[in-house]
2 protein chains.
Amino acid sequence: MDPEESNRKAEILDAALEVFAEVGYRKATIKAIASRAGLKSPALIYWYFPNKEALLKATIGAIAPAVAQVENAGMIFELPLEVALPMIGKLFLSALDMPKTPQLIRVFFGEAIHNPEVVRPLAESGPLLVLNLLVEYFRRQVEHNHISGHNPAALARAYIGGLLVYMMGKVLFPPLGEGAPPPDEYLNEVVGVFLRGLKG
Amino acid sequence: MDPEESNRKAEILDAALEVFAEVGYRKATIKAIASRAGLKSPALIYWYFPNKEALLKATIGAIAPAVAQVENAGMIFELPLEVALPMIGKLFLSALDMPKTPQLIRVFFGEAIHNPEVVRPLAESGPLLVLNLLVEYFRRQVEHNHISGHNPAALARAYIGGLLVYMMGKVLFPPLGEGAPPPDEYLNEVVGVFLRGLKG
DNA sequence: CTCACTTGATTGAACGTTCAATTAACCCTT
DNA sequence: AAGGGTTAATTGAACGTTCAATCAAGTGAG
């Protein structure tokens, strides 16, 4: 059976995510990851993974599918703005409550600059997925004349940006989060502005 | 006199900014920074700076004041939304054209997670400065009943977020920038939404 | 001569990775 | 069931390299 079989690998991946999130890929040592996983020797990691970079890729690869769980994505296209925008907003901000999200965000930004390829799957199964969904949604809204004179690509980015900055303030760079209202209040404000702003 | 006197120091700081931006603080080696600065020995760096971390701090400290050049910041409070919002937007996006901005953004995000204290001056003299300016601006607009029922802290973050995401797409994480409209078109759209969104 | 500055060589620690050797788990034959 | 043989998992020690930091020896201007 699986439960015992691949325990080690999963333990190592969990430990790696923790350590990577705490100190970053380059500062994270194989030794630290090993001892976090309860191994008595760092060498054991090399029985499961060829090298440190492969461990990073596997860590991200293991979690990316879980991030991509946007269910019934297509049905959003049928919904009016008043429902769709808050829904996507909640989807985004509710991720903050999941235990691994802060870790993932930290790993992502820590590597986004110097290892964009490695970390890309994470973005593609999370924010980029939602962004593209939203672009397509706005495009259809324009097409059906529910809104007019708007640029879907710009709208979607601005909306996602408003949410992203809030998350960055919570998880990434606390000075940015100081003075920010609670999530639901924030979301209300942003949704309100966009709803009125789109009905022009 | 200064011009020759502190040339070396300035050269080292320039080289350090370049290398830090290219490969990140931890991967950047003293040797690489030295040779980038035209030095024949890495040891010389230690005559000007006590250690690598001090070099990073100095690099940021040297550039932060230049970033903070928001002239006549106070006068914005007198301007109506239709003028103030595009102005702040241009201020933000025009930074992309300055040669060192991409480097600074890369250094900032590369260290924001694991060295928030070091990199904080950079944020405080750039985006956080503008953010606080904007919060105060919105607060006064509400106070004077030019807009009502709005949360200044949320509004300002959402607006800055819209701009920030655009910059991140350009400089930090290209996949996010793919499909984005040109700066002026983007800014027009965002400003339009917020202007209409605020007149509720 | 002196002092600010510059250099090549060196040191010592940290780290990723390898490896030979040991132990645990499993399977097959009798 | 028992025992021998094969594979999987695990370990500690060691190697080779990288790199920040130090050092002692220069240089050249005043």
Side-chain angles (χ1 to χ4, degrees), chain A residues 1-62 107 110-111 114-115 117-119, chain B residues 1-62 107 110-111 114-115 117-119:
Chain A
M1 295 260 184
D2 280 338
E4 292 301 326
E5 176 178 315
S6 61
N7 250 4
R8 267 289 182 266
K9 203 165 185 173
E11 283 170 14
I12 293 175
L13 287 173
D14 281 350
L17 177 59
E18 284 184 26
V19 178
F20 285 150
E22 282 170 18
V23 302
Y25 172 70
R26 276 199 73 88
K27 199 173 175 180
T29 68
I30 293 288
K31 202 172 148 191
I33 296 171
S35 76
R36 181 73 64 102
L39 314 183
K40 292 188 180 165
S41 163
L44 186 53
I45 290 182
Y46 289 89
W47 199 87
Y48 293 94
F49 305 93
N51 52 43
K52 193 183 174 187
E53 190 185 346
L55 177 57
L56 172 62
K57 286 181 185 169
T59 302
I60 290 169
V107 171
E111 291 307 299
H114 308 113
N115 269 331
E117 337 77 43
V118 172
V119 95
Chain B
M1 32 191 85
D2 281 339
E4 291 300 326
E5 176 178 316
S6 61
N7 249 4
R8 261 296 135 74
K9 203 164 184 174
E11 283 169 15
I12 294 175
L13 287 173
D14 280 351
L17 177 59
E18 285 183 26
V19 178
F20 284 151
E22 283 170 18
V23 302
Y25 171 70
R26 277 199 74 86
K27 201 174 175 181
T29 68
I30 294 288
K31 202 172 153 192
I33 295 171
S35 78
R36 181 72 63 101
L39 312 183
K40 293 188 179 163
S41 163
L44 186 51
I45 289 183
Y46 289 91
W47 198 88
Y48 291 95
F49 306 93
N51 53 43
K52 193 182 172 187
E53 190 184 347
L55 176 57
L56 173 63
K57 286 181 183 168
T59 302
I60 289 169
V107 172
E111 291 307 300
H114 309 113
N115 271 331
E117 337 77 44
V118 172
V119 94

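Below, each value reflects all heavy atoms present in this structure, side chains not excepted, and no hydrogens, waters or symmetry copies. The sequence lines fix the lettering, A, B, ..., with proteins before strands; numbering per chain opens at 1.
- Distance check, rounded to the nearest 0.5 Å: CD1 of B:Ile12 to CG of B:Leu44 gives 5.0 Å.
- For A:Leu44 and D:dA13, the CG to P distance is 16 Å, given to the nearest whole Å.
- Under the 6.0 Å distance and 45° angle rule, A:Lys9 counts as a cation-pi partner of A:Phe49.
- Going from atom NZ of B:Lys40 over to atom C1' of D:dT27 covers 12 Å, rounded to whole Å.
- When each of A:Leu17, A:Val119, A:Asn115 is tested with A:Leu56 by the rule side chain to side chain contact (heavy atoms under 4.5 Å, CB included), just one qualifies, namely A:Asn115.
- Under 4.0 angstrom from either OP1 or OP2 of C:dT6 there lies at least one side-chain N or O belonging to B:Arg8.
- The side-chain tip of A:Lys52 does not point at the ring of A:Tyr46 from less than 6.0 angstrom away and within 45° of straight on.
- Salt-bridge annotation for A:Glu22 and A:Arg36: present, with a side-chain N of the basic residue lying under 4.0 Å from a carboxylate O of the acidic one.
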ask   = Going 5' to 3' along nucleotides 16-23 of chain D, which nucleotides have protein heavy atoms under 4.0 Å from the base (write B), which only from the sugar-phosphate (write S), and which from neither (write -)?
value = ---SSBBB
